[in-house]
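Accompanying notes for the structure given below.
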Number of protein chains: 2
Amino acid sequence: MVTAPSPTPLSDSNLGALLCQVRNELIGRLERELAAHGYEMNFSQYLALKKLAAHGPMSAGELARTINLDAGATTRLLDRLEAKGYLRRQPHEQDRRALRIALTEAGQALWSDIHACGERALAEATRGLAPDEHVRLHAMLSGILATLRGGN
Amino acid sequence: MVTAPSPTPLSDSNLGALLCQVRNELIGRLERELAAHGYEMNFSQYLALKKLAAHGPMSAGELARTINLDAGATTRLLDRLEAKGYLRRQPHEQDRRALRIALTEAGQALWSDIHACGERALAEATRGLAPDEHVRLHAMLSGILATLRGGN
DNA sequence: ATGCACAAATTGCATTGACAAATATAAACG
DNA sequence: CGTTTATATTTGTCAATGCAATTTGTGCAT
C-alpha cells in the first residue's frame with residue numbers, strides 16, 4: 001500500500017471518530033450560543049442547570065451520575081456554579097454526608113433565559129433529518145448505549 | 001409541569017447528552033482493550049497512529065485536522081508518540097516550516113498489533129444493529145456533521 | 001531585493017476532568 | 001453498644017486540551 005486510494009480528502013471516519021466530531025461541533029455550537037447571550041458556560045455547567053431545573057433539587061452524587069461526570073469534577077463544578085450564585089448547597093434532610101443541591105432564583109432565571117439555546121443548537125444540527133429519522137437516530141444511539149453498558 | 005412524567009429514572013437524554021455518553025463508553029471500551037494488550041494509550045494517540053498508518057506520512061497540521069485536535073495539543077501528542085519511538089518528525093521536503101510525520105518500524109508494528117482493538121470495540125457497540133441500520137446511522141451522523149459545518 | 005501578510009509548529013498558561021486518598025457519616029453486624 | 005464496612009463529598013495531583021503569543025519560514029506585491 002503506497003498512498004490513499006480513497007477519494008475523500010479527510011475523514012474516512014469510522015463511527016467512533018464521527019461520533020466525536022458531531023459531539024464537538026454540537027457542544028461548540030451550544031457554547032457559542034451561550035456566549036452570544038453573554039454567558040460564559042461550558043457544556044457540563046449547562047447540563048447541570050438543565051437537570052436541576054428539570055428534576056428539582058438532588059444530591060451531588062445523583063447529579064454527577066446524570067451528567068456523567070466524576071465526583072471530584074462535580075464538586076468543582078458546583079463550586080463554580082455556586083460562586084456565580086446559580087445554586088446553593090443545602091444540607092440533606094436525612095443524610096448528613098449528603099447535599100441537597102438546589103437552584104437559586106438566579107439559577108432558575110438563568111435557565112429560563114438559556115434553555116432555548118440548547119434547543120436551537122440541536123434544531124440546527126438536525127435540520128436536514130426527517131422527523132422519523134430523528135427518532136430512529138435517538139433509538140439507535142440509545143440502543144448502542146444499552147449494549148455497551150449492559151453488554152458485558 | 002411539576003416533575004418528571006417520564007418512566008426512565010436517569011437520562012431523559014437529549015441528543016447532545018446521548019452522543020456524549022455513547023462517545024465516552026466507546027472510547028473507554030477502546031482504551032480498556034488497548035490496556036488489556038499492554039498499551040497505555042489514549043484515543044487521540046490511537047487515532048494518530050491510525051491515520052498515519054492508513055494515509056502515510058503527513059504534516060503536523062494535516063494530522064491535527066484529521067484527528068480533530070488543536071495544533072498545540074498535536075505538538076505534545078507527537079512528543080509523546082515520538083518519545084515512545086512510534087513515529088519520527090522529519091523535515092518537510094518543500095517547506096522548512098513544516099514537518100513530515102512518519103511512523104517508525106515500531107509504530108507500524110504497533111499498529112498492526114492493535115488495529116483490531118478498535119474494530120472489536122466498534123463491533124461490540126454495534127452488535128444489536130442490523131447492517132442497514134449501521135449504514136443509516138453513519139449516514140445520519142455524517143449528514144448532521146455536514147449540516148453543522150457547512151450550515152452557517 | 002525588501003517588506004508585508006500569511007502559514008506551520010512550538011511554547012506558556014489556564015481550565016477541565018479523571019483517579020486516588022482523605023474525611024465524615026451511615027448502616028450492618030456481632 | 002462498638003466495630004467494621006460502605007457511602008457522600010471533598011481535596012490533592014496529574015494528564016490532556018484549547019487558546020494566545022512566539023518563532024521561523026513562504027510567497028506575493030511592490
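Here is the naming used below: chain letters follow the sequence lines, and residue numbers restart at 1 for every chain.
- For the pair B:L30/B:L26, no side-chain contact is recorded, criterion being any heavy-atom separation below 4.5 Å from C-beta on.
- Two residues, B:R80 and A:M58, neighbour DNA chain D, and the one matched to the more 5' nucleotide by heavy-atom proximity is A:M58.
- One interatomic measurement links the two molecules: CG of A:D70 to P of D:dA15, which rounds to 16 Å at whole-angstrom precision.
- Under the ring pair (Phe, Tyr, Trp, His ring centres under 6.0 Å) criterion, A:Y46 pairs with A:W111, sequence neighbours left out.
- In this entry the distance linking CD1 of A:I27 with C1' of D:dG18 reads 14 Å, nearest Å.
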For a quick test of your reading: what N or O donor-acceptor pairs under 3.5 Å do the side chains of residues 128-135 of chain B make, sequence neighbours left out?
from, atom 1, to, atom 2, distance (Å)
B:E133, OE1, B:A130, N, 2.9

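- The stretch residues 83-100 of chain A touches DNA chain D through A:R89, A:R97, A:A98, A:L99, each having a heavy atom within less than 4.0 Å of the strand.
- When heavy atoms are screened at a 4.0 angstrom cut-off, A:T74 is found touching no nucleic acid atom at all.
- Counting to the nearest Å, the P atom of D:dT10 and the CG atom of A:L69 are 13 Å from each other.
- Annotation: side chain to side chain donor-acceptor pair (under 3.5 Å) contacts involving residues 113-123 of chain A, sequence neighbours excluded, comprise A:E33-A:R120, A:H37-A:R120, A:Y39-A:D113.
- Across all strands shown, A:G72 has heavy atoms under 4.0 Å from base atoms, whether or not it also approaches the sugar-phosphate.
- Rounded to whole angstrom, the span from the CG atom of B:L77 across to the P atom of D:dA15 amounts to 15 Å.
- Between the P atom of D:dA15 and the CD atom of B:E31 lies a distance of 15 Å, rounded to the nearest Å.
- With sequence neighbours left out, the salt bridge (charged side-chain N to carboxylate O under 4.0 Å, His left out) criterion links A:E25 to B:R149.
- With the nearest nucleotide of DNA chain C identified for both A:A73 and B:L78, B:L78 has the one nearer the 5' end.
- Residue contacts shown for B:A71 include a base, since a base heavy atom lies under 4.0 Å away.
- Residues B:C20 and A:L47 fail the side-chain proximity criterion, which asks for heavy atoms closer than 4.5 Å.
- A 4.0 Å heavy-atom criterion places the boundary nucleotides of DNA chain C facing chain A at C:dT16 to C:dA26, written 5' to 3'.
- Residue A:S44 holds its OG atom at 11.0 Å from CG of A:D70, rounded to the nearest 0.5 Å.
- With rounding to the nearest 0.5 Å, the separation of CD in B:E31 from CE in B:M41 is 10.0 Å.
- Ion pairing between B:R89 and B:D79 holds under the 4.0 Å rule for side-chain N and carboxylate O.
- Atom CZ in B:R76 sits about 12 Å away from atom C1' in D:dA20, given to the nearest Å.
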